[in-house]
Student: 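Take a look at this one; I'll ask things after.
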Amino acid sequence: QVQLVESGGGLVQPGGSLRLSCAASGFMLEYSGMGWFRQAPGKEREWVSCISSRGGTTGYADSVKGRFTISRDNDMKTVYLQMTSLKPEDTAVYYCARGAASNCPKSSLNYVTWGQGTQVTVSS
């Protein structure tokens, strides 16, 4: 059974940091590009970041570039999103997603499996 389980969300003050993890099971992670998306209340889901299957290519939304870092450990079957200098506008449910191929796509249409999400709240 293909499954993605996110963890690491929580409440953090502005300027703080969090590291999200996405544990993958039921498929060969090393063959899949992976992505992170987020959805804030009342807003559409938006792409945050992606990483190709071997980690050679990464991409970031302009809103998080320079603050977030995506990485992966295929041996540990885990994908990470390190978030620093967090802002209130980063508040959202963050979702991990498995790509249909090995590349690093931005469109949600190119992702075939989604996790249940983890809440990130940035507030003082």
Side-chain angles (χ1 to χ4, degrees):
Q1 172 185 359
V2 175
Q3 193 172 15
L4 299 172
V5 179
E6 301 96 334
S7 61
L11 173 64
V12 63
Q13 291 187 340
S17 299
L18 281 174
R19 187 177 80 157
L20 305 183
S21 298
C22 172
S25 61
F27 67 99
M28 303 290 282
L29 180 63
E30 58 264 42
Y31 297 132
S32 296
M34 299 293 292
W36 286 95
F37 290 76
R38 67 186 181 187
Q39 187 166 19
K43 295 187 176 182
E44 293 187 354
R45 182 172 54 190
E46 64 172 348
W47 172 74
V48 174
S49 182
C50 65
I51 186 168
S52 59
S53 61
R54 300 292 181 176
T57 300
T58 58
Y60 299 93
D62 288 343
S63 59
V64 307
K65 198 171 294 183
R67 300 187 297 121
F68 290 12
T69 303
I70 192 170
S71 63
R72 62 192 296 157
D73 185 334
N74 288 340
D75 291 334
M76 294 297 293
K77 298 186 182 300
T78 305
V79 180
Y80 304 97
L81 186 68
Q82 178 69 48
M83 306 186 296
T84 63
S85 302
L86 283 162
K87 306 174 181 180
E89 51 264 43
D90 294 318
T91 295
V93 177
Y94 283 71
Y95 297 91
C96 173
R98 172 197 177 198
S102 62
N103 60 347
C104 175
K106 297 180 181 180
S107 172
S108 61
L109 298 176
N110 295 116
Y111 291 87
V112 294
T113 305
W114 297 81
Q116 84 290 348
T118 185
Q119 176 70 47
V120 171
T121 302
V122 184
S123 175
S124 55

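In what follows, every heavy atom counts, from backbone to side chain, and hydrogens, waters and symmetry copies are set aside. Note that the structure is predicted; figures quoted are calculated from it, not measured.
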Student: Could you tell me which non-hydrogen atom of Ala24 sits nearest to which non-hydrogen atom of Leu29, and how far apart they are?
Tutor: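 The answer is CB-CD1, 4.1 Å.
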Student: Identify, with sequence neighbours excluded, every residue that meets side-chain hydrogen bond (donor to acceptor under 3.5 Å, both in side chains) alongside Glu46.
Tutor: Arg38
Student: Return the OG to CG distance between Ser25 and Leu4, rounded to the nearest 0.5 Å.
Tutor: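 Ser25 atom OG to Leu4 atom CG measures 7.5 Å (nearest 0.5 Å).
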Student: If you take all heavy atoms of Gly115 and Tyr95, which pair is closest and at what distance?
Tutor: O-CD2, 3.6 Å
Student: Show your working on side chain to side chain contact (heavy atoms under 4.5 Å, CB included) between Val93 and Thr118 and close with a plain yes or no.
Tutor: CA-CA 5 Å; Val93 177; Thr118 185; over 6 Å; no
Student: For residues 76-87, tabulate all N or O donor-acceptor pairs below 3.5 Å that involve a side-chain atom, not counting sequence neighbours.
Tutor:
residue	atom	partner	partner atom	Å
Thr78	OG1	Met76	O	2.9
Thr84	OG1	Arg67	O	2.7

Student: So do Thr69 and Tyr60 actually touch side chain to side chain, heavy atoms under 4.5 Å?
Tutor: yes
Student: Quick one: side-chain hydrogen bond (donor to acceptor under 3.5 Å, both in side chains) partners of Ser32, sequence neighbours excluded?
Tutor: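 Checked Ser32 against side-chain hydrogen bond (donor to acceptor under 3.5 Å, both in side chains); matches are Arg98.
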Student: With the side chain counted from C-beta on, respond yes when Thr121 and Val12 share a heavy-atom pair under 4.5 Å apart, and no when they do not.
Tutor: no
Student: Please round to the nearest 0.5 Å and tell me the distance separating atom OG of Ser21 and atom CZ of Arg72.
Tutor: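 The OG atom of Ser21 sits 13.5 Å away from the CZ atom of Arg72.
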Student: Parallel under 30°, tilted from 30 to 60°, perpendicular over 60°: which one fits the rings of Phe68 and Tyr94?
Tutor: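 Plane angle between 30° and 60°, so tilted.
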Student: Consider only side-chain heavy atoms of I, L, V, M, F, W and Y, link residues closer than 4.5 Å, and tell whether Val64 and Tyr111 are in one cluster.
Tutor: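 Not linked; separate clusters.
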Student: Side chain of Thr91, backbone of Val122: donor and acceptor closer than 3.5 Å?
Tutor: yes
Student: Return the minimal non-hydrogen interatomic distance between Gly26 and Val2, and the atom names on each side.
Tutor: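 Scanning both residues completely, I find the closest heavy atoms to be O-CG2, 3.6 Å.
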Student: Might you point out which heavy atoms bring Pro14 and Ser123 nearest each other, and give the distance in Å?
Tutor: CD-C, 3.6 Å
Student: For a quick test of your reading: what N or O donor-acceptor pairs under 3.5 Å do the side chains of residues 102-109 make, sequence neighbours left out?
Tutor:
residue	atom	partner	partner atom	Å
Ser107	OG	Leu109	N	3.1

Student: Suppose we screen for side-chain hydrogen bond (donor to acceptor under 3.5 Å, both in side chains). Which residues come up paired with Gln3, at least two apart in sequence or across chains?
Tutor: none
Student: Is there any disulfide (SG to SG under 2.5 Å) pair reaching into residues 13-49, and which pairs are they, with sequence neighbours excluded?
Tutor: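 Only Cys22-Cys96 qualify under disulfide (SG to SG under 2.5 Å).
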Student: Within a strict 4.5 Å, meaning less than it, do heavy atoms of the Trp114 and Phe37 side chains meet?
Tutor: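 In short, these two side chains touch, coming nearer than 4.5 Å.
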Student: Please say whether more than 12 non-hydrogen atoms of neighbouring residues, nucleotides or ligands are located less than 6.0 Å from CD in Glu89.
Tutor: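 Result for CD/Glu89: enclosed.
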Student: Evaluate Glu6 against Leu20 for side chain to side chain contact (heavy atoms under 4.5 Å, CB included), listing each step before the verdict.
Tutor: CA-CA 7 Å; Glu6 301 96 334; Leu20 305 183; over 6 Å; no
Student: Looking only at heavy atoms, what is the nearest atom pair of Val112 and Ala100, with distance?
Tutor: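 Looking at all heavy atoms of both residues, the closest pair is CG1-CB, 3.7 Å.
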Student: Could you report the tightest heavy-atom contact between Ala92 and Ala40, atom names first, then the distance?
Tutor: CB-N, 3.8 Å
Student: For Asn74 and Tyr31, indicate whether the former's side chain and the latter's backbone hold a donor-acceptor pair under 3.5 Å.
Tutor: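 Here the side-chain-to-backbone pair does not exist.
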